[in-house]
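A short worksheet on the structure shown next.
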Amino acid sequence: MNIIEGNLALSGNEKVAIINARFNHIITDRLVEGAKDAFLRHGGSEDNLDLVLVPGAFEIPFVLDKLLESGKYDGVCCVGAVIRGSTPHFDYVSAEATKGVANATMKHGKPVTFGILTTDNIEQAIERAGSKAGNKGFESMTGLVELLSLYKSL
């Protein structure tokens, strides 16, 4: 059996964007730090890494579509944090962000990772932004690094 998989090494020429939702910035800033760290640790060049800031998670899909449409990026890492409150707002925002990222990814056929936290409370978000549960921004970028390699093999 032939196994086709990506590896965790960049050539340094890959152009990557991180889209960060500023809402809940105390959490999302840590996700960006983790994503940047992963990109650099796996051989990426800081000159080839762009950070695009959007107001919230709901806006990520629109900007993702524009970035992929531009042809300037080999891949995009999306990070944000949607924290459940006492209204249905959480359900709408998290569902639309998820669907929108998936649709843009399928439309453009480029590597994209989903590092948007959807948590029940602030404590869970803190845990996923660099404490007990690791840093999901780092994990999301690591997934993108692997996808960039895998896409070249397909």
Side-chain angles (χ1 to χ4, degrees), residues 4-6 8 10 14-39 42 44 48-154:
I4 302 168
E5 64 181 340
L8 293 176
L10 295 168
E14 296 86 356
K15 182 75 171 164
V16 168
I18 300 169
I19 301 175
N20 177 36
R22 289 189 315 254
F23 198 81
N24 294 315
H25 75 91
I26 290 176
I27 302 299
T28 65
D29 290 350
R30 303 299 77 75
L31 298 174
V32 169
E33 289 171 7
K36 178 182 175 184
D37 183 30
F39 184 74
H42 291 99
N48 289 333
L49 182 62
D50 290 344
L51 174 61
V52 181
L53 301 174
V54 299
F58 187 82
E59 291 77 26
I60 289 174
F62 174 76
V63 173
L64 173 62
D65 186 67
K66 291 297 176 195
L67 292 181
L68 295 175
E69 190 175 86
S70 76
K72 295 178 186 176
Y73 298 95
D74 297 307
V76 179
C77 176
C78 302
V79 297
V82 186
I83 301 170
R84 188 178 300 277
S86 58
T87 69
H89 185 257
F90 169 90
D91 298 311
Y92 301 126
V93 172
S94 59
E96 293 308 314
T98 302
K99 283 190 282 186
V101 169
N103 288 338
T105 301
M106 295 303 292
K107 175 181 172 184
H108 296 284
K110 290 226 174 165
V112 173
T113 53
F114 186 86
I116 301 171
L117 303 179
T118 53
T119 63
D120 288 326
N121 53 55
I122 189 75
E123 292 79 15
Q124 290 175 345
I126 291 168
E127 287 175 2
R128 288 159 179 77
S131 69
K132 284 195 256 183
N135 185 305
K136 299 304 178 186
F138 187 96
E139 290 178 21
S140 187
M141 182 60 78
T142 301
L144 184 63
V145 169
E146 185 174 346
L147 281 177
L148 287 165
S149 170
L150 177 60
Y151 272 45
K152 290 177 186 174
S153 302
L154 299 177

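Computed from a prediction, not measured in an experiment: that's the story for all the values here.
- With sequence neighbours left out, K66 forms a side chain to side chain donor-acceptor pair (under 3.5 Å) with no residue at all.
- Considering every non-hydrogen atom in both P111 and L147, the closest pair reads CB-CB, 3.9 Å.
- Every side chain to side chain contact (heavy atoms under 4.5 Å, CB included) that T142 has, sequence neighbours left out, goes to L8, A38, H42, F138.
- Within the 3.5 Å criterion, the main-chain N or O of A21 finds a donor-acceptor partner in the side chain of T28.
- Across all their heavy atoms, N24 and A81 have their closest contact at ND2-O, 2.8 Å.
- Within the structure, side-chain hydrogen bond (donor to acceptor under 3.5 Å, both in side chains) pairs that include any residue of residues 77-86 comprise R84-D91, R84-D120 (at least two apart or interchain).
- One distance of note links CG of L51 with CD1 of I18; it measures 6.0 Å at 0.5 Å rounding.
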Check: residues 72-79 side-chain donor-acceptor pairs under 3.5 Å, at least two apart:
unit_1	atom_1	unit_2	atom_2	d
Y73	OH	D50	OD2	2.6
D74	OD2	K15	N	2.7

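- Taking D29 as the reference, nothing meets the salt bridge (Lys or Arg N to Asp or Glu O under 4.0 Å) condition, with sequence neighbours excluded.
- A donor-acceptor contact shorter than 3.5 Å is absent between the side chain of N20 and the backbone of V32.
- Residue pairs meeting the side-chain hydrogen bond (donor to acceptor under 3.5 Å, both in side chains) criterion with at least one member in residues 104-118, sequence neighbours excluded: D65-K107, D65-H108, T113-S140.
- I122 is linked by a side chain to side chain contact (heavy atoms under 4.5 Å, CB included) to I27, I83, I126, counting only residues two or more places apart in sequence or in another chain.
- Partners of E33 by side chain to side chain donor-acceptor pair (under 3.5 Å), not counting sequence neighbours, listed by chain and number: R30.
- Residues N48 and V16 have side chains not in contact (no heavy-atom distance under 4.5 Å, counting atoms from C-beta outward).
- In this structure, E59 contributes its side chain and G56 its backbone to a donor-acceptor pair below 3.5 Å.
- The two atoms that bring L64 and A104 nearest to each other are CD2-CB, 3.8 Å, heavy atoms only.
- Looking at residues two or more places apart in sequence or on another chain, you find no side chain to side chain donor-acceptor pair (under 3.5 Å) involving N103.
- The neighbour count for Y92 OH, taken as heavy atoms of other residues, nucleotides or ligands under 6.0 Å away, does not exceed 12.
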Item to complete: Go through the steps for I116 and T98 under the test side chain to side chain contact (heavy atoms under 4.5 Å, CB included), then give the verdict.
Response: CA-CA 8 Å; I116 301 171; T98 302; over 6 Å; no
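- Taking 4.5 Å as the limit, every side-chain heavy atom of R22 sits out of range of all side-chain heavy atoms of V54.
- Atoms NZ and CZ, from K136 and F114 in turn, are 13.0 Å apart once rounded to the nearest 0.5 Å.
- Counting all heavy atoms, side chain and backbone alike, I4 lies closest to S153 at CG2-CB, 4.0 Å.
- Within the structure, the salt bridge (Lys or Arg N to Asp or Glu O under 4.0 Å) test picks out the following pairs touching residues 140-154 (sequence neighbours left out): E14-K152.
- Partners of E69 according to the side chain to side chain donor-acceptor pair (under 3.5 Å) rule, which considers only residues two or more places apart in sequence or in another chain, do not exist here.
- Taking each heavy atom of L31 and A129 in turn, the nearest pair found is CD2-CA, 4.0 Å.
- Heavy atoms of other residues, nucleotides or ligands lying less than 6.0 angstrom from CZ of F90 number more than 12.
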Item to complete: Take F39 and L10, measure what side chain to side chain contact (heavy atoms under 4.5 Å, CB included) needs, and give me the verdict at the end.
Response: CA-CA 8 Å; F39 184 74; L10 295 168; 3.6 Å; yes
